[in-house]
Asker: 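Take this structure, written in structure tokens, and hold onto it; I'll ask about it next.
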Amino acid sequence: MSTNVLRTPDGWWAVRNERAVRIETKAVTTAGLLADRAAVREAAASGERGTPVADLVALPPVTTPCRVVAQMVNYRSHAKDSGFTGDIPPTFFRKASGSVSGPHDTIVRPTHVNFLDYEVELGLVMGATLPVGTVVEEQDLPSYVAGLVLTNDVSARDVQLTKTQFYESKSYPTFTPTGPYLALLEPEDFDRLIDLRLRLSVNGVTRQDRTLADMIVRPAQALTLLSRFQTLDPGDLLLTGTPGGTALKAPPKPVEKIAALLPPALKWKAFFNGQAKNPLYLRDGDLVTATIATPDGRIDLGEQRTAVGAAT
């Protein structure tokens, strides 16, 4: 069974039934903790009553700096929302590790961003080096992936679309809320990944709700494709895409065809005038809640509760 690990300013904790036992380790990084799995197992098996999780301040369970890589359009429902038809080529992009923030930290909207979007995503935390040229089969996943985290790939759509700039639009500080838990998996847990359900709501209203059965490129294939050009190391993070339900959606095909005939400046002006009427974009004061878990709770990555606020 997976073991949930919580990181606080005081160190690392193994979580059981809403209580946490301190992990006796000198590790200060995720990679260091993964190298000290014996200490994690000892704390998880401890008979100590522990500290209530609610009394602890949760930091991102993935330490930075680290590589943060993400997959684009990797759920069928999201592809449909985005107007894609036919085969979708697997695509990756990088995010700045400085965008990683805690599971209850405020998402800070830069003052020049008007169309702030959310994307609940399953994050894979690497437990071993993935060299360039590695072929990963399903049965190999436990050899490379140590655990899972809940993430939110927050996106400044007005930057992303006008500049076709993923790195900037998704890399502002606080644009990758992560945690609360790092779920360290046992080999048999990997068979349950398909059952994981991703949910995200804004102010209590559900926006996203899908399982990994909706995923286009599964984790083993994604790692194989990524390793064609990218090495990953222990503690690095791969975000595996988001399901449908984001605020941004492709315009109807007739509108899209007409817009294609306009000069770029007029096209974007018309597009964003239409987006300004979309009530789904995040506003200052909104509360974003996200969870990822299997129905039986065998794997449960906890709950994020992140408010949205303007930069000061």
Asker: Just to verify, which of R109, Q275, R157 counts as forming a side-chain hydrogen bond (donor to acceptor under 3.5 Å, both in side chains) with Y281?
Answerer: Q275
Asker: Above 12 or not: heavy atoms from other molecules or residues under 6.0 Å from CD of E186?
Answerer: yes
Asker: Side chains of T25 and D36: any donor to acceptor distance under 3.5 Å?
Answerer: yes
Asker: Within a radius of less than 6.0 Å around CG of N17, do more than 12 heavy atoms belonging to other residues, nucleotides or ligands occur?
Answerer: no
Asker: Should M215 and V136 be regarded as members of a common hydrophobic cluster, given that ILVMFWY residues are connected when their side-chain heavy atoms come within less than 4.5 Å of each other, either directly or indirectly?
Answerer: yes
Asker: Are the side chains of L184 and R37 in touch, meaning some heavy atoms are under 4.5 Å apart?
Answerer: yes
Asker: Using a 6.0 Å cut-off, check whether atom CD of E42 has over 12 heavy atoms from anything other than its own residue.
Answerer: no
Asker: Enter the distance from T211:OG1 to L193:CG here, rounded to the nearest 0.5 Å.
Answerer: 11.5 Å
Asker: Counting neighbours of CG on D10 that are heavy atoms of other residues, nucleotides or ligands and sit closer than 6.0 Å, is the number greater than 12?
Answerer: yes
Asker: State, without any angle test, whether T30 and T63 hold a side-chain donor-acceptor pair at a distance under 3.5 Å.
Answerer: yes
Asker: Taking the side chain as everything from C-beta on, heavy atoms only, tell me whether Q160 gets closer than 4.5 Å to K170.
Answerer: yes
Asker: Can you give me the closest heavy-atom contact between L301 and P180, atom names plus distance?
Answerer: O-CD, 3.5 Å
Asker: Are the side chain of N152 and the backbone of E119 linked by a donor-acceptor contact shorter than 3.5 Å?
Answerer: yes
Asker: Which heavy-atom pair separates L287 from A307 by the least distance, and what is that distance?
Answerer: CD1-N, 3.9 Å
Asker: Can you check side-chain hydrogen bond (donor to acceptor under 3.5 Å, both in side chains) on S171 and K95, steps first, answer last?
Answerer: CA-CA 5 Å; S171 287; K95 297 189 66 162; over 6 Å; no
Asker: Please answer: with hydrophobic residues joined when any side-chain heavy atoms are less than 4.5 Å apart, are L185 and V40 in the same cluster?
Answerer: no
Asker: Nearest heavy-atom pair of V21 and G50: which atoms, and what distance?
Answerer: CG2-CA, 4.1 Å
Asker: Once you round to the nearest 0.5 Å, how far does CD1 of I194 lie from OG1 of T294?
Answerer: 12.5 Å
Asker: Determine the sole option in V120, L150, T291 for which the side chain to side chain contact (heavy atoms under 4.5 Å, CB included) test with L198 is passed.
Answerer: V120
Asker: Judged by modelled atom types alone, do D233 and T129 share a side-chain donor-acceptor pair under 3.5 Å?
Answerer: yes
Asker: Report yes if the side chains of R16 and N4 come closer than 4.5 Å at any heavy-atom pair, otherwise no.
Answerer: no
Asker: Establish, from distance only, whether the side-chain atoms of D214 and S77 form a donor-acceptor pair under 3.5 Å.
Answerer: yes
Asker: Between the side chains of R218 and Q221, does any donor sit under 3.5 Å from an acceptor?
Answerer: no
Asker: Work out which heavy atom in P234 is nearest to a heavy atom in A31; give both atom names and the distance.
Answerer: O-CB, 3.6 Å
Asker: When you check the gap from the basic side-chain N to the acidic O, do R192 and D296 get nearer than 4.0 Å?
Answerer: yes
Asker: Cut-off 3.5 Å, side chains only: do T242 and Q208 have a donor facing an acceptor?
Answerer: yes
Asker: Taking all non-hydrogen atoms of both residues into account, name the closest pair between P279 and R207 and its distance.
Answerer: O-NH2, 4.3 Å
Asker: Is there a chain of hydrophobic side chains (I, L, V, M, F, W, Y, each step under 4.5 Å between heavy atoms) that links L148 to L226?
Answerer: yes
Asker: Crowded around E48 CD? As in, over 12 foreign heavy atoms under 6.0 Å?
Answerer: no
Asker: Just by distance, with hydrogens left out, do S99 and T176 show a side-chain donor and acceptor under 3.5 Å apart?
Answerer: yes
Asker: Can V132 be reached from L232 by stepping across I, L, V, M, F, W or Y side chains whose heavy atoms are under 4.5 Å apart?
Answerer: no
Asker: Are L239 and L182 in one and the same hydrophobic cluster, where Ile, Leu, Val, Met, Phe, Trp and Tyr link if side-chain heavy atoms are under 4.5 Å apart?
Answerer: yes
Asker: Going by distance alone, is a donor N or O of one side chain under 3.5 Å from an acceptor N or O of the other, for W13 and T8?
Answerer: yes
Asker: Show the nearest heavy-atom pair for residues N74 and Q71, with the distance to one decimal.
Answerer: ND2-NE2, 3.2 Å
